[in-house]
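Notes for the one structure printed next.
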2 protein chains.
Amino acid sequence: MSTPRRVRADARRNSDALLEAATEVFATAGVDAPVRDVAARAGVGVGTVYRHYPKRSDLVAAVFRHQVDACADAAPPLAAAYGPAEALDRWLARFVDFLATKRGLAAALHSGDPAFDALPAYFDARFRPALTTLLDAAVAAGEVRDDVSATDLLHAVAHLCLPADGVGPDHARRMAAVLVDGLRR
Amino acid sequence: MSTPRRVRADARRNSDALLEAATEVFATAGVDAPVRDVAARAGVGVGTVYRHYPKRSDLVAAVFRHQVDACADAAPPLAAAYGPAEALDRWLARFVDFLATKRGLAAALHSGDPAFDALPAYFDARFRPALTTLLDAAVAAGEVRDDVSATDLLHAVAHLCLPADGVGPDHARRMAAVLVDGLRR
DNA sequence: AGTGTTCCGGAAGCACGTTCCGCTTCCGCG
DNA sequence: CGCGGAAGCGGAACGTGCTTCCGGAACACT
C-alpha cells in the first residue's frame with residue numbers, strides 16, 4: 001500500500017518542463033493552443049503530455065492552479081515587507097495582473113468540462129485566506145474600513161476585470177485602484 | 001453594375017432552410033453542434049452550407065442576427081396592443097427570454113473571431129431604438145421614472161442575466177421583474 | 001429546347017485531441 | 001559493475017470536426 005518505488009527523475013523533470021512550457025505557450029497563443037505545440041516547446045512527445053495530464057483540460061487546470069499558487073503566495077512576503085495598507089494595495093495590483101491574463105479562461109470554466117469543476121473552490125481556498133490576512137492586518141491598524149469582507153473584495157475586483165466592450169486591460173487596473181482608494185478610511 | 005440575373009429560387013430556399021435548421025440545431029445541441037448536423041437537418045450537403053455561410057461562425061452570427069431581429073420587431077406590436085407601461089413590461093420579459101438562450105454565445109462573442117466583431121453594434125442598433133420608443137412612451141405617459149436611459153436598462157438587464165454559479169434561468173426573470181418594478185413611479 | 005451560369009453534393013484535405021504500443025531509460029539489487 | 005524489469009517515452013495512427021474542391025445537376029434567359 002505504501003509507495004513501492006520513487007518517482008523517476010526524468011518523469012518529474014518532464015512534468016515540470018511541461019507545466020512551464022504550457023504556461024508560456026498559453027500566454028502567447030491563448031488557452032486554445034494545440035497540445036503538440038506545448039509538447040514541442042517542452043522538447044517531449046505528445047504521448048508524454050498525455051502521460052502526465054490525461055486530458056488537455058487537465059493541463060490547462062494545472063497551469064491555472066500553478067498561477068493561483070504563485071499569486072496567493074505573493075501575499076506573505078508583501079505583508080512582511082510593507083505596512084498593512086501598502087501590502088494590501090500591492091497585492092491587489094498583483095491580483096489584477098493575474099486576472100488580466102485570464103480572459104480566455106473564464107469561458108473555459110463554464111464549458112462544463114469536469115477538469116474545471118474544482119477550480120472555483122481552489123480559487124477561493126487559496127485567495128480568501130491570503131487576502132483575509134492582509135485585510136485583517138490593515139483593519140487592525142485602522143488603515144482601512146472594516147465593513148468589507150475578503151470575499152466581497154475578491155468578487156468586486158474580479159467583476160471589475162471582466163472584459164467589457166471597448167475597454168482595455170488598463171481600465172481594470174484603474175477601476176481597481178479607485179476601489180482600493182475607497183477602502184482607505 | 002446592376003443585378004445581371006435573379007437569385008436562383010433553390011438558392012434562396014436553401015439559404016432560408018439552413019437558417020431555420022441552424023436555429024433549431026443550435027437550440028437543441030448548443031452553438032457547438034457540428035455543421036454536418038445542420039446540413040442534414042436542412043436536407044442539403046455541407047458544401048451548400050459553406051456556399052451560403054463561408055465560415056461556421058458566419059452561420060452562428062446569422063442565427064444571432066435573426067433572433068435579434070425577431071426580438072426587436074416584437075416591440076411595435078406590443079406598443080400597439082398594450083398601454084405604455086405594460087408594453088414595456090412585456091417586451092423586457094421577451095428580451096430576458098432572448099438572453100436566456102444565449103449562454104454559450106456570450107463566450108463565442110469574445111472568441112476573437114472576426115465574424116462576431118459587428119454583433120455588439122448590431123445588438124445596439126436594433127435594441128436601443130426598440131426600447132427607446134417603448135421607454136419614451138411610458139415616460140411621456142408618466143408611468144415610469146425618467147432618469148433611466150434605454151442603454152442603461154439594456155445593460156442592466158443583460159448583466160442580470162449573466163450566468164452566476166448555482167442560479168437557474170428563472171433567477172434572471174425574477175431579478176429583471178424586480179428591476180422593472182423599480183422603474184414604475 | 002438550347003445554352004451559359006449558378007448552385008449542389010459529398011468526397012477529400014487538413015487540424016487537433018487522444019490512444020496505443022514498441023523502444024528506451026532509469027532504479028534497485030546482486 | 002552489470003542485469004532485469006518496471007516506468008516512462010515518442011510519435012505514428014485514429015476519430016472527429018471544419019473547410020475546400022470540382023464534376024455534374026438545376027436554373028434562368030432566349
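Source: prediction; values computed, not measured. Keep in mind that the numbers below use all heavy atoms, side chains included, and drop hydrogens, waters and symmetry copies. Residue numbers start from 1 in every chain, and the chains themselves are labelled A, B, ... in the order their sequence lines are given, proteins ahead of strands.
Applying the side-chain hydrogen bond (donor to acceptor under 3.5 Å, both in side chains) criterion to A/E24, with sequence neighbours excluded, gives A/R41. The side chain to side chain contact (heavy atoms under 4.5 Å, CB included) search around B/A74 returns B/W91, B/R94, not counting sequence neighbours. Considering only residues two or more places apart in sequence or on other chains, A/D73 meets the salt bridge (charged side-chain N to carboxylate O under 4.0 Å, His left out) condition with A/R126.
A side-chain donor-acceptor contact under 3.5 Å links B/T133 to the backbone of B/P129. A/H66 contributes no side-chain N or O that, together with a main-chain N or O of A/A62, makes up a donor-acceptor pair within less than 3.5 Å. Looking only at distances, no side-chain donor or acceptor of A/S15 sits under 3.5 Å from a matching main-chain atom of A/A11.
Counting to the nearest Å, the P atom of D/dA26 and the CZ atom of B/R6 are 19 Å from each other.
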- Stepwise, does the ring pair (Phe, Tyr, Trp, His ring centres under 6.0 Å) test hold for B/F127 with B/F95? CA-CA 9 Å; B/F127 284 144; B/F95 181 62; 5.1 Å; yes

| task | Assess whether side-chain hydrogen bond (donor to acceptor under 3.5 Å, both in side chains) is satisfied between A/N14 and A/T48, documenting all intermediate values. | result | CA-CA 8 Å; A/N14 277 330; A/T48 302; 5.2 Å; no

Margin query: Please determine whether side-chain hydrogen bond (donor to acceptor under 3.5 Å, both in side chains) holds for the pair A/Y122 and A/R65, giving the CA-CA distance in whole Å, both sets of side-chain angles, and the decisive distance to 0.1 Å.
Written below: CA-CA 8 Å; A/Y122 191 74; A/R65 270 196 299 272; 5.5 Å; no

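Scanning all heavy atoms of the two residues, the minimum distance from A/L88 to A/L135 falls at CD2-CD1, 3.9 Å.
Contact check of residues 22-29 of chain B against DNA chain D (heavy atom, cut-off under 4.0 Å) returns no residues at all. Taking a 4.0 Å limit (strictly below) on heavy-atom distances, residues 9-18 of chain A reaches DNA chain C at A/A9, A/D10.
Phosphate proximity of D/dG8 to A/H52: absent, as no side-chain N or O sits under 4.0 Å from OP1 or OP2.
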Atom pairs, N/O to N/O, protein against nucleotides 17-24 of chain C, distance under 3.5 Å?
residue, atom, partner, partner atom, Å
C/dG17, OP1, A/R56, NH1, 3.1
C/dG17, OP2, A/V35, N, 2.8
C/dG17, N7, A/R36, NH2, 3.1
C/dG17, O6, A/R36, NH2, 2.6
C/dT18, OP2, A/Y50, OH, 3.1
C/dT18, OP2, A/R56, N, 2.8
C/dT18, O4, A/R36, NH1, 3.4

